[in-house]
Structure formats: structure tokens, C-alpha cells
J.: 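One structure, pasted below without further comment.
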Amino acid sequence: MTGHDDTNVALLKLENVSCSYEPGNPIFSGVNLTVNQGDIIAVGENPTKYGIPNYRTRVLYVPQRPSLLPSTPRNFIKQIRTYGSRKAEDDNEQDAISLGESWSLDVEMWDRPWSSLSGGESQRALLAVACTLKNTEVLLLDEPTSALDAGTVKRVEGFLASLPGSSDSSIQAVLWITHSEDQTRRATRLIKVAGNVEEQRLPADV
């Protein structure tokens with residue numbers, strides 16, 4: 001009797017995968033990897049080799065809702081400014097507050113504890129901070145407007161869509177995780193994950 005070895009079932013396979021900032025400037029190339037059922041794979045080297053503070057300055061993740069942040073949104077901005085990779089930046093506190101006002105956030109909200117804010121207030125405050133930090137190049141957004149009303153969603157999404165390529169922002173790209181079909185219409189590329197991965201480039205006038 002021959003037993004079936006489940007560890008040989010390939011769940012994910014990469015063949016000669018490459019990624020570049022631009023032609024001739026690769027991030028990585030020639031990646032080949034097979035992930036089998038039962039595998040526990042560690043990928044990478046010591047992160048200090050790559051300058052993690054610099055990476056986190058340039059690539060910024062914004063969760064759907066901030067989890068257990070202490071103090072207030074205003075103090076959150078001040079805390080960010082204490083990090084070594086952010087110390088050289090101009091103070092963005094007023095920029096964040098002004099952007100928040102354009103999204104109907106009251107100025108007094110910035111001095112209230114995070115724990116007292118509604119889901120919509122938390123989302124807008126966190127997004128306002130993320131969008132006004134200097135030197136950020138890529139925003140990774142997880143359902144960034146899920147707690148907002150339709151009118152505010154339109155204003156927030158319109159601003160986010162205007163960031164890449166804007167002379168007033170260092171942000172060059174936005175990766176947007178969403179379950180909203182309306183939001184996908186404001187993207188330039190759409191990646192659908194449902195059993196398999198399908199990518200399509202959307203018309204510029206969408």
C-alpha cells in the first residue's frame with residue numbers, strides 16, 4: 001500500500017519573477033519558488049541590511065482602523081516626528097489638520113483620544129496624516145473609506161486618486177485593497193483575487 005504524500009502538493013509556484021522600479025533598475029529578478037502543502041518557509045535576510053527605517057518612510061501602510069493607538073491624533077503626529085527617519089521632515093501637523101477639515105473633520109477632534117473617535121473619524125485622521133507625511137512614495141491602503149458616508153468617500157477618494165504624479169506630493173503610487181466595485185473604477189489597474197489572480201488595466205477615463 002502506497003501512502004499519499006500531501007507535502008508534494010504545490011500551492012503556489014513562481015517562475016522567473018522579476019520586478020523593477022523602471023527599465024534597467026530592478027528591485028529583484030529571477031525569483032523561482034514552489035510552496036508545497038505543509039511548507040513553512042522563511043524568506044529574506046537581516047532587515048537591517050536594507051535600511052528598514054528608510055523603507056518604512058517610503059512605503060506606508062494605512063490599516064482600515066488604527067488599533068489601540070494611545071493618546072490623540074495630534075500627539076500621534078508628534079510621535080512620528082521623533083523617529084529618526086522622519087526628524088528631517090518639515091512639520092506636517094497643520095497640513096494634516098487642513099486636509100482633515102476638507103474631509104469634514106473638526107479641528108477639536110485632533111485633541112481627543114483615539115478611543116473616543118468614531119470609525120469614520122479614525123479613518124480620515126489616519127489618512128490625513130499618511131497623505132501629508134513627506135517622502136512617502138507608496139501608500140498601502142486597506143479598505144480606507146469603509147466607514148465613511150458616500151459624500152465623504154467621493155472627496156477622500158478623489159484626493160487619493162490625485163496624489164500619484166502631483167507636484168505637491170511625494171506619493172508615486174497607491175495600492176488599494178477594496179471590496180467596493182465603485183472604488184475599482186478609480187484605479188488604473190485592477191487585480192482580482194478570487195480563487196486565482198487576474199489583472200486588468202483599466203481605461204484612463206474610468
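Being a predicted model, the structure only gives us computed values, none of them experimental. Note that these values count all heavy atoms, side chains included, but never hydrogens, waters or copies made by symmetry.
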J.: If the condition is salt bridge (charged side-chain N to carboxylate O under 4.0 Å, His left out), which residues does Asp142 pass it with, not counting sequence neighbours?
T.: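 Expected list: none.
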J.: Between the side chains of Asp106 and Arg112, is the shortest nitrogen-to-carboxylate-oxygen separation below 4.0 Å, so that they form an ion pair?
T.: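 So Arg112 does not pair with Asp106 through a salt bridge.
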J.: Mind checking the CG-CG spacing from Leu127 to Leu148? Nearest 0.5 Å is all I need.
T.: 8.0 Å
J.: Passes side chain to side chain contact (heavy atoms under 4.5 Å, CB included), Gln79 versus Ser71? Steps please.
T.: CA-CA 10 Å; Gln79 180 64 39; Ser71 192; over 6 Å; no
J.: Within the 4.5 Å heavy-atom criterion, are Pro73 and Glu121 side-chain neighbours or not?
T.: no
J.: Only one of Leu140, Leu141, Val62, Val138 passes side chain to side chain contact (heavy atoms under 4.5 Å, CB included) with Val174; say which it is.
T.: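 Result: among Leu140, Leu141, Val62, Val138, Leu141 is the only option passing the side chain to side chain contact (heavy atoms under 4.5 Å, CB included) with Val174.
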J.: How long is the gap from OG1 on Thr136 to CG on Leu60, to the nearest 0.5 Å?
T.: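 The OG1 atom of Thr136 sits 5.0 Å away from the CG atom of Leu60.
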J.: Which residues pass the side chain to side chain donor-acceptor pair (under 3.5 Å) test with Ser98, not counting sequence neighbours?
T.: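 Checked Ser98 against side chain to side chain donor-acceptor pair (under 3.5 Å); matches are Gln94.
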J.: Would you check if the side chain of Gln123 reaches a backbone N or O of Glu143 as a donor-acceptor pair within less than 3.5 Å?
T.: yes
J.: Does any non-hydrogen side-chain atom of Trp103 lie less than 4.5 Å from one of Thr145?
T.: no
J.: Under 3.5 Å, is there a donor-acceptor pair between the side chain of Thr72 and the main chain of Asp111?
T.: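 No, Thr72 side chain to Asp111 backbone: no donor-acceptor pair under 3.5 Å.
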J.: Would you say Val107 ends up clustered with Leu126 if hydrophobic residues are merged whenever their side chains have heavy atoms under 4.5 Å apart, either directly or through other cluster members?
T.: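 Yes: a chain of side-chain contacts under 4.5 Å links Leu126 to Val107.
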